[in-house]
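Here the structure is laid out as structure tokens; the discussion comes afterwards.
One is the number of the first residue; the rest follow in order along the sequence.
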Amino acid sequence: MTTSTTSLSNGGGLDPRALITFANVCEAGTLSGAARQMNVSQPSISLTIGQLEKRLGVTLFERTASGVVLTTEGHALRGRADALKKLIADARRAVDLARNNMTGPLRIGGTPGALVTLLPHALARMEKSHPTFELTVLERTEAELTEMLRKGEIELALVTTQIEPPPAGISEFTVASDPFALVASAQNPFVLENASLADLVDLPWILPHAGGGFRRQIDALFLANEIPTPANVLRCDSLLTTKAILSRTDRVTILPKRIVRPEVAMGELKAVDIADSTFTRHIGVRVAADSALSPLAESFVEAFSATE
């Protein structure tokens, strides 16, 4: 094992072009598809993959009539190859941006509530110190964000924190907190100040689908008060849609106060405390534990940390 590792390290390592070719074959599903994507001949793709397999001493694909199937070793390599492909594309883009006095690119993902709470304030701070930069913001579920971090598709994920330990290979830190409140239309006649959770359970609700950190916190609230979760529930993961429904119906939900602050100020919604249930949402940033952040991502992390 030691001899093999030393040989690979001192022998020039792996050819990045071969790894990118491998990533393209994985993406296309066939050698011919990768050849068309790269505008080269299929024999050239086959030769490159063969040389890569010889260099590694393993078989990466099982060739079939319908395409290629990754072996165990192929699966192990794919994530690294995809990350390298993205890294090179980002490097090219970074040079193009620098040529125009811009920084980036940076891709950030997040759950709806975390993005609404953290990103606008951080962006306002960033624009004072970084006049021009390229930023892409993606709204996804927590599970999707974790996979995107692992694949290097995003550098930062904004999520609910302090519910459970982060997934393997992911680090998180909390940067802000926000107390929850019962939220309803300003004209909703059934929601009174300091109502108890037991008084509210039979109302028509809007709740996110199960699985996300936000929903797990809401379920824990009902459980802690020994109250069943509401039965009359419209399930919606869109924060924008939830707010619109609340303002036009008698449905209620639980949301962090900061998220609905603009609508409360305009008189569209009201956010009232739940008399017997005080709890707070924590939100923060997740990153891939083994990846170094770009300078622009580090600046955003500092800006997120100053949003309170």
Side-chain angles (χ1 to χ4, degrees), residues 4-5 7-98 104-109 134-138 140-157 167-171 286-297:
S4 175
T5 302
S7 174
L8 193 59
S9 298
N10 294 338
L14 299 175
D15 185 349
R17 293 169 297 182
L19 290 174
I20 292 173
T21 299
F22 169 75
N24 288 335
V25 174
C26 291
E27 181 180 339
T30 63
L31 298 178
S32 58
R36 288 192 297 272
Q37 179 180 331
M38 300 177 69
N39 196 28
V40 298
S41 67
Q42 181 173 328
S44 174
I45 297 290
S46 298
L47 177 62
T48 299
I49 296 299
Q51 291 173 338
L52 179 61
E53 290 177 322
K54 182 178 180 180
R55 178 65 175 157
L56 290 169
V58 299
T59 298
L60 297 172
F61 297 116
E62 297 292 344
R63 279 72 167 175
T64 70
S66 58
V68 294
V69 178
L70 284 170
T71 63
T72 300
E73 294 85 356
H75 278 293
L77 182 62
R78 181 173 184 179
R80 302 292 183 178
D82 287 341
L84 176 63
K85 180 180 176 181
K86 175 188 169 298
L87 178 64
I88 291 176
D90 281 353
R92 290 172 175 164
R93 182 58 182 162
V95 172
D96 290 340
L97 292 171
L106 174 62
R107 281 179 291 275
I108 292 174
E134 182 174 283
L135 173 67
T136 300
V137 181
L138 304 171
R140 298 289 189 273
T141 65
E142 283 189 33
E144 290 171 327
L145 293 170
T146 296
E147 287 306 304
M148 293 174 77
L149 284 172
R150 287 174 175 158
K151 293 178 180 179
E153 295 173 352
I154 57 173
E155 287 194 69
L156 306 173
I170 303 296
S171 298
R286 282 184 176 174
V287 298
D290 59 352
S291 299
L293 294 179
S294 66
L296 185 59

Could you tell me whether the side chain of Pro105 reaches within less than 4.5 Å of the side chain of Thr136, counting heavy atoms only?
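Sidechains of Pro105 and Thr136: no contact.
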
Can you see which heavy atom on [X] is nearest to which on [Y], and at what distance?
X      : Y      : answer
Ala168 : Arg150 : O-NH2, 2.8 Å
Ala23  : Asp82  : CB-OD1, 3.5 Å
Val25  : Leu31  : CG1-CD2, 3.8 Å
Leu70  : Phe61  : CD2-CE2, 3.3 Å
Leu149 : Ala157 : CD1-CB, 3.8 Å
Phe22  : Ala81  : CD2-CB, 3.6 Å

Got a second to check how far [X]'s [atom1] is from [Y]'s [atom2], nearest 0.5 Å?
X      : Y      : atom1 : atom2 : result
Arg63  : Ser46  : CZ    : OG    : 7.0 Å
Leu14  : Leu19  : CG    : CG    : 5.5 Å
Met148 : Arg107 : CE    : CZ    : 8.5 Å
Glu134 : Leu296 : CD    : CG    : 10.0 Å
Ile154 : Leu145 : CD1   : CG    : 5.0 Å
Ile49  : Thr21  : CD1   : OG1   : 6.0 Å

### Message
Using side-chain contact (heavy atoms from CB on, under 4.5 Å), reason through Leu52 and Thr48 one step at a time and then give a plain yes or no.
### Response
CA-CA 6 Å; Leu52 179 61; Thr48 299; 5.6 Å; no

**Atom CZ of Arg17: over 12 foreign heavy atoms under 6.0 Å** =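 It does not: Arg17 CZ has 12 such atoms or fewer within range.
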
**OP:** Go through the steps for Lys85 and Asn24 under the test side-chain contact (heavy atoms from CB on, under 4.5 Å), then give the verdict.
**Re:** CA-CA 9 Å; Lys85 180 180 176 181; Asn24 288 335; 2.6 Å; yes

Is [X] reaching over with its side chain to a backbone N or O of [Y], donor-acceptor style, under 3.5 angstrom?
X      : Y      : result
Arg140 : Thr146 : no
Gln37  : Ala28  : no
Glu53  : Leu60  : yes

Glu73 and Thr59: side-chain contact (heavy atoms from CB on, under 4.5 Å), yes or no, with the steps?
CA-CA 7 Å; Glu73 294 85 356; Thr59 298; 5.9 Å; no

For this session: Would you please test Glu142 and Arg286 for side-chain contact (heavy atoms from CB on, under 4.5 Å) and show each step?
Result: CA-CA 10 Å; Glu142 283 189 33; Arg286 282 184 176 174; 4.0 Å; yes

